[in-house]
Amino acid sequence: MENFTFYNPVRIHFGKNQIIKLKDELKNYNNILFTYGKGSIKKNGIYERVIDMLSDKNIIEFGGIGANPEYETLMKAVEIGKKEKIDFILAVGGGSVIDGSKFIAAAINYKGDDPWNMLSKYEKFDSAIKIGTILTLPATGSEMNGGAVITRVSSKEKLAFGSHLLMPVFSILEPEVMYSLPNTQISNGIIDAFVHTIEQYITYPVNAAVQDAYSAALLKVIINEGPKVLKNRLDYDANANLMWAATMALNGLLAAGVPEDWSTHIIGHEITALYGIDHAQTLAIVLPGVLSVMKEEKSEKLLHFAQNVWDIDINNNNSTVIDMAINKTEEFFHSLGIKTKLSDYNIPNSAINEICAKLENKNFIKLGENKNINPEIVEKILKYQN
Ligand code: NZQ
Ligand code: ZN
């Protein structure tokens, strides 16, 4: 196992009516920037429940943070936050609202020229406004990590940044909020959590028995519980299991002491930046190609995956076993109603060169756990599905 430091201070309040914990969590803050998305919380009652809890606070609302949160929108919140001298950000929404709020939190305290440099130039920052979240869509794990992914429309870029300073102080997870999600968002969440686990699991072995066993178990839970949620949207336990699985998939635990891949995500972000496809759908397009094209160097972990996640008998020829596991993965995505080819999303073949060129320009030329996925290999990965 590799050396690691594991740190995760996020307090999780999980279950029914956990929103009441807001009173205590916010007792030391007064000027609260309440951020949310494009209106779902006003339709499903979460907005009123939050407002009820904040009756003794000065609340500054900032709604309208859309999917794949945009720098251009978020900078408006940064101005408001500075003017109003906010001392806390309460983000109520899915990964986009939470990520956007993390950017706002860092940008309000940012001292340099342009807060975008924190993403584009990896500029370090040493303070951020504190943030708490109420998660409404289990998928990204943003509620229990310090990462965020922001899109800049003007330059068609989608970049990630992160810091322990952006880890929420607390996150409230009420599985019942999932009842109002459209089926597609449930499927997206299942795939995002699934691929987060894979990015930290299917690399090369370092004898990390706990992490390998946790990853395989988490994938099994996602494979079993996800479809239950889609079948019976009001099955509380299935919703709860899926929600907690998605949080566990990206809170740092699986990554501790093991190599990580993330090539599927980095390639996927380019597809979203260029064509606006949902994050999880880009992952469904890219992952089968990554596993297949890189199968030799990932072979030991792919065999572990085949045996421990898909229950495939490994007495067969190894290459056949691996192909079966990759096929089962793709079939699982299809069973959730998510398609896996670029052409399914009307993305032309010319996109492949465009994506490779963008990655090359950004110095993302060497992706993957072995830093050897260059633009030619990205091309092969994207052609795998077409
Ligand atoms: O905007 P509203 O009206 O709230 O509607 C949202 C949005 O349209 C809706 N929604 C959310 N909760 C709902 C609901 N509708 C009904 N009932 C509810 N309870 O769902 C739509 C999608 O929301 P969004 O937040 O965009 O989805 P998700 O949570 O999948 O977040 C995706 C973003 O997170 C980033 C992605 O790149 C993408 O930008 N990621 C963040 C990561 C992180 N911070 O660690 C890691 C991930 O890999 C990912 O990259
Ligand atoms: Zn993701």
Side-chain angles (χ1 to χ4, degrees), residues 10 35-47 49 62-71 73-74 91-103 105 119 131 133-152 157-163 166-168 171-200 229 233 239 243 246-247 249-252 255 260-273 276-284 286-287 338:
V10 183
T35 52
Y36 51 92
K38 296 225 165 180
S40 69
I41 66 163
K42 292 200 170 162
K43 292 191 197 124
N44 58 19
I46 299 175
Y47 175 86
R49 293 174 67 214
F62 189 84
I65 299 178
N68 307 305
E70 294 172 359
Y71 164 88
T73 306
L74 300 171
V92 184
S96 294
V97 171
I98 300 176
D99 283 9
S101 302
K102 289 175 179 175
F103 176 80
L119 293 92
I131 150 170
T133 87
I134 299 176
L135 180 69
T136 65
L137 193 178
T140 64
S142 188
E143 67 280 6
M144 201 177 173
N145 69 41
V149 190
I150 308 297
T151 296
R152 188 159 185 168
E157 284 174 289
K158 181 170 183 180
L159 299 178
F161 81 131
S163 159
L166 301 179
M167 290 179 125
S171 282
I172 291 175
L173 279 65
E174 292 186 353
E176 286 160 313
V177 301
M178 295 165 67
Y179 297 166
S180 61
L181 280 163
N183 281 351
T184 321
Q185 293 301 343
I186 296 281
S187 297
N188 280 352
I190 295 168
I191 291 178
D192 200 15
F194 186 97
V195 179
H196 291 158
T197 310
I198 299 271
E199 300 270 28
Q200 302 160 91
V229 174
R233 295 296 313 280
N239 279 283
M243 188 174 229
T247 301
L250 198 52
N251 67 359
E260 299 173 66
D261 179 346
W262 297 108
S263 58
T264 299
H265 268 72
I266 292 173
I267 300 167
H269 288 166
E270 294 304 327
I271 302 178
T272 300
I277 309 293
D278 286 358
H279 171 63
Q281 296 173 1
T282 69
L283 305 179
V286 180
L287 182 75
I338 302 295

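Whatever order the structure lists them in is the order used to number ligands and atoms, beginning at 1. As a basis for the values below, the full set of heavy atoms in this structure was taken, side chains included, without hydrogen atoms, waters or symmetry mates.
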K.L.:
Hey, which atoms in ligand 1 end up nearer than 4.0 Å to a heavy atom of Pro69?
P.N.:
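Here the atoms of ligand 1 in question are 39 (O).
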
K.L.:
Examine distances only and state if a side-chain atom of Arg233 and a backbone atom of Asn239 form a donor-acceptor pair shorter than 3.5 Å.
P.N.:
no

K.L.:
Looking at ligand 1, does any of its N/O atoms fall within less than 3.5 Å of an N/O of Val177?
P.N.:
yes

K.L.:
Between Asn145 and Pro168, which heavy-atom pair has the shortest distance, and what is it?
P.N.:
O-CD, 3.5 Å

K.L.:
Taking only heavy atoms of Leu250 into account, list the atoms of ligand 1 that are under 4.0 Å away from them.
P.N.:
45 (O), 46 (C)

K.L.:
Decide whether an N or O pair under 3.5 Å exists between Ser40 and ligand 1.
P.N.:
yes

K.L.:
Show the atoms of ligand 1 that are less than 4.0 angstrom away from any heavy atom in His265.
P.N.:
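Matching atoms, with element in brackets: 48 (O).
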
K.L.:
Is it true that Gly39 lies under 4.0 Å from ligand 1, counting heavy atoms only?
P.N.:
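Yes, Gly39 has heavy atoms under 4.0 Å from ligand 1.
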
K.L.:
Check contact between Ile41 and ligand 1, using heavy atoms of the residue and a distance below 4.0 angstrom.
P.N.:
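Outside the 4.0 Å threshold, so no.
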
K.L.:
Any N or O on Gly147 sitting closer than 3.5 Å to an N or O of ligand 1?
P.N.:
yes

K.L.:
Which is it for His279 and ligand 1 at heavy atoms under 4.0 Å: side chain, backbone, both or neither?
P.N.:
side chain

K.L.:
Report the part of Leu181 in contact with ligand 1, treating N, CA, C, O as backbone and CB onward as side chain, heavy atoms under 4.0 Å; options are side chain, backbone, both, neither.
P.N.:
both

K.L.:
As a test of reading the structure, name the N/O/S atom of His196 that is nearest the Zn ion (ligand 2).
P.N.:
NE2

K.L.:
Please verify whether a non-hydrogen atom of Lys43 lies at under 4.0 Å from ligand 1.
P.N.:
no

K.L.:
Does only the side chain of Asn44 get under 4.0 Å from ligand 1, or the backbone, or both, or neither? Count heavy atoms.
P.N.:
side chain

K.L.:
I need the minimum non-hydrogen distance between Val286 and Ile271, along with the two atoms involved.
P.N.:
CG2-CD1, 3.8 Å

K.L.:
Parallel, tilted or perpendicular for Tyr36 and Tyr47, by the 30°/60° rule?
P.N.:
perpendicular

K.L.:
Short N/O distance, under 3.5 Å, between Gly141 and ligand 1?
P.N.:
no

K.L.:
For Ala249, does its backbone N or O pair with a side-chain atom of Gln200 as donor and acceptor, under 3.5 Å?
P.N.:
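At least one qualifying donor-acceptor pair exists.
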
K.L.:
Out of Asn68, Ile186, Thr136, whose heavy atom is nearest to atom 19 (N) of ligand 1?
P.N.:
Thr136

K.L.:
Which heavy atom in Val10 sits nearest to a heavy atom in Glu143, and how many Å separate them?
P.N.:
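Looking at all heavy atoms of both residues, the closest pair is CG1-O, 3.5 Å.
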
K.L.:
Give me the residue, atom name and distance of the protein heavy atom closest to atom 24 (P) of ligand 1.
P.N.:
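Here the nearest protein heavy atom works out to Ser96 OG, 3.4 Å.
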
K.L.:
Quick one: does any side-chain atom of Ser96 pair with a main-chain N or O of Asn68 as donor and acceptor, under 3.5 Å?
P.N.:
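Confirmed, Ser96 side chain pairs with Asn68 backbone.
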
K.L.:
For atom 20 (O) of ligand 1, what's the nearest protein heavy-atom neighbour? Residue, atom name and distance, please.
P.N.:
Leu137 CD1, 3.5 Å

K.L.:
Which of the atoms in ligand 1, numbered in the order shown and given with their element, are less than 4.0 Å from a heavy-atom of Gly37?
P.N.:
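What qualifies from ligand 1 is 1 (O), 4 (O).
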
K.L.:
Identify, for atom 47 (C) of ligand 1, the protein heavy atom at the shortest distance, and state residue, atom and that distance.
P.N.:
His196 NE2, 3.4 Å

K.L.:
Checking Ser142 against Lys102 for the side chain to side chain donor-acceptor pair (under 3.5 Å) test, could you report, in this order, the C-alpha distance in whole Å, the side-chain angles of both residues, the deciding distance, and whether it holds?
P.N.:
CA-CA 9 Å; Ser142 188; Lys102 289 175 179 175; 2.9 Å; yes

K.L.:
Among Thr264, Asp99, Val92, Ile134, whose heavy atom sits nearest atom 44 (N) of ligand 1?
P.N.:
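Closest candidate by heavy-atom distance is Asp99.
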
K.L.:
On a heavy-atom basis, which atom in Glu157 and which in Ala273 lie closest, and how many Å separate them?
P.N.:
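What the structure gives for the nearest pair is C-CB, 4.2 Å.
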
K.L.:
Which atoms of ligand 1 sit under 4.0 Å from any heavy atom of Asp192?
P.N.:
47 (C), 48 (O)

K.L.:
Would you say atom 22 (C) of ligand 1 makes contact with the protein, given that contact here means a non-hydrogen protein atom less than 4.0 Å away?
P.N.:
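Protein heavy atom within 4.0 Å of atom 22 (C) of ligand 1: present.
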
K.L.:
Considering only heavy atoms of Thr140, which atoms of ligand 1 have at least one such atom less than 4.0 Å away?
P.N.:
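Ligand 1 atoms under the 4.0 Å threshold to Thr140: 28 (P), 29 (O), 31 (O), 32 (C), 34 (O), 40 (N), 41 (C), 42 (C), 45 (O), 46 (C).
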
K.L.:
Testing the basics here: between Ala280 and Ile191, what is the closest heavy-atom pair and its distance to 0.1 Å?
P.N.:
O-CG2, 3.6 Å

K.L.:
To check your reading of the model: name the closest protein heavy atom to atom 8 (O) of ligand 1, its residue, and the distance in Å.
P.N.:
Gln185 NE2, 4.8 Å

K.L.:
Can you tell me which N/O/S atom of Asp192 has the shortest distance to the Zn ion (ligand 2)?
P.N.:
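Of the nitrogen, oxygen and sulfur atoms in Asp192, the Zn ion (ligand 2) lies nearest to OD1.
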
K.L.:
What is the closest protein heavy atom to atom 29 (O) of ligand 1, and at what distance does it sit?
P.N.:
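Residue, atom and distance for the closest contact: Gly95 N, 2.7 Å.
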
K.L.:
Of all N/O/S atoms in His265, which lies nearest to the Zn ion (ligand 2)?
P.N.:
NE2

K.L.:
Tell me, please: is Asn188 in heavy-atom contact with ligand 1, that is, under 4.0 Å?
P.N.:
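False for this residue.
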
K.L.:
With a cut-off of 4.0 Å, which atoms of ligand 1 are near a heavy atom of Ala67?
P.N.:
26 (O)

K.L.:
Counting only N and O atoms by type, is there a donor-acceptor contact under 3.5 Å from the side chain of Thr247 to the main-chain atoms of Gly141?
P.N.:
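Not confirmed, Thr247 side chain does not pair with Gly141 backbone.
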
K.L.:
Any non-hydrogen atom of Lys158 lying under 4.0 Å from ligand 1?
P.N.:
yes

K.L.:
On the 0 to 90° scale, with breaks at 30° and 60°, tag the Phe161-Phe103 ring pair as parallel, tilted or perpendicular.
P.N.:
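Rings of Phe161 and Phe103: perpendicular, as their planes differ by over 60°.
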
K.L.:
Could you tell me the residue and atom name of the protein heavy atom closest to atom 1 (O) of ligand 1, and the distance to it rounded to 0.1 Å?
P.N.:
Lys38 N, 2.7 Å

K.L.:
Ignoring hydrogens and geometry, is there a side-chain-to-backbone donor-acceptor pair from Gln185 to Leu137 under 3.5 Å?
P.N.:
no

K.L.:
Heavy atoms only: which of Gly162, Ala249, Ser180 lies closest to atom 17 (N) of ligand 1?
P.N.:
Ser180

K.L.:
Considering all protein heavy atoms, does one lie under 4.0 Å from atom 34 (O) of ligand 1?
P.N.:
yes

